[in-house]
Engineer: 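First the structure, which I've put down as structure tokens, then a few questions once you've had a look.
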Amino acid sequence: MSNKKITTYVLLAVSILVWGTVAVKIFKSLDTKETVAPPSFRREAGKTVRNVKLLLDYPDPFLGETKSPPLIEKIREKEVTEEVADMLPDFGFKGIIRLDNLTYILLNRDGEDIMIGAKERIGDFIVSGFSEDSVVVRRGRRSFTLYAE
């Protein structure tokens, strides 16, 4: 029975010590005499500012190897002149449809879906080839590749 009393008194003293420490920390943080100045974001003379770049060649946490990111080339957009704009197809490629042994191309022209076969004509254009995700149409000597929408 004396062991239980000693354990109780020791635990009571430890809990008073812990809660006293917590109370002191809280009251010190409420003291308004000491204020922290916000960090200064002004540039000092003579210091240069670096451009920050996101590095994508970090090690994979699961595989443990470093992979270099694929190179992405910027595509230059050419201005479309009125002359070239008149030559562009006025329809979009939606996909292909296979029925038995025949394959048809699904095009969208003015909100209407059109199903045509290879080497067929649509307006001034002739379908010269196609794949799962693109179709090549020809108008005169110029050919255009349309990708699925």
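What's counted below: heavy atoms across the whole structure, side chains too, no hydrogens, waters or symmetry copies.
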Engineer: Would you compute the distance between atom CG of Asn3 and atom OG1 of Thr8 and round it to the nearest 0.5 angstrom?
Structural biologist: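 Spacing of CG (Asn3) from OG1 (Thr8) equals 10.0 Å.
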Engineer: At what distance, to the nearest 0.5 angstrom, does CG of Asn108 lie from CG of Leu146?
Structural biologist: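 Atom-to-atom, Asn108:CG and Leu146:CG are 11.5 Å apart.
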Engineer: Can you tell me if Thr103 uses its side chain to pair, donor with acceptor, with the backbone of Arg98 under 3.5 Å?
Structural biologist: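 Checked: no pair found.
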Engineer: If you round to the nearest 0.5 Å, how far is OG1 of Thr21 from CD1 of Ile26?
Structural biologist: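 With rounding to 0.5 Å, CD1 (Ile26) is 11.0 Å from OG1 (Thr21).
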Engineer: Any Lys/Arg nitrogen of Glu112 or Lys94 sitting under 4.0 Å from an Asp/Glu carboxylate oxygen of the other?
Structural biologist: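 Between Lys94 and Glu112 there is no salt bridge, as every charged N stays at least 4.0 Å from the carboxylate O atoms.
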Engineer: Hey, does Val127 have a side-chain heavy atom less than 4.5 Å from the side chain of Glu120?
Structural biologist: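 The answer is no; the side chains never approach within 4.5 Å.
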Engineer: For the hydrophobic clusters of this structure (ILVMFWY residues joined by side-chain heavy atoms under 4.5 Å, transitively), does one cluster hold both Leu106 and Leu102?
Structural biologist: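 As far as the 4.5 Å side-chain criterion goes, Leu102 and Leu106 are connected within one cluster.
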Engineer: Given the side-chain rings of Phe130 and Phe93, with only the six-membered ring counted for Trp, is the space between their centroids under 6.0 Å?
Structural biologist: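 Aromatic pair excluded; centres sit 6.0 Å or further apart.
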Engineer: So, applying side chain to side chain contact (heavy atoms under 4.5 Å, CB included) with Tyr104, which one of Ile116, Ile96, Leu99 is it?
Structural biologist: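 Single pass found, and it is Leu99.
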Engineer: More than 12 heavy atoms of other residues, nucleotides or ligands under 6.0 Å from CZ of Arg138: is that the case?
Structural biologist: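 Check fails, neighbour count at 12 or below.
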Engineer: Is it possible for you to say whether Phe144 and Ile105 belong to one hydrophobic cluster, with membership spreading through side-chain heavy-atom contacts below 4.5 Å?
Structural biologist: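 They do share one cluster, since a chain of ILVMFWY contacts under 4.5 Å joins Phe144 to Ile105.
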Engineer: Measuring from atom OG1 of Thr145 to atom CG of Asp133, what distance do you get when rounded to the nearest 0.5 angstrom?
Structural biologist: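 Here the interatomic distance stands at 10.5 Å.
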Engineer: Which distance, rounded to the nearest 0.5 Å, do you find between the CD1 of Ile126 and the CZ of Arg139?
Structural biologist: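 Rounded to the nearest 0.5 Å, the CD1-CZ separation comes to 11.5 Å.
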Engineer: So how far is it from Asp124 CG to Ile122 CD1, rounded to the nearest 0.5 Å?
Structural biologist: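 Here the rounded value is 10.5 Å.
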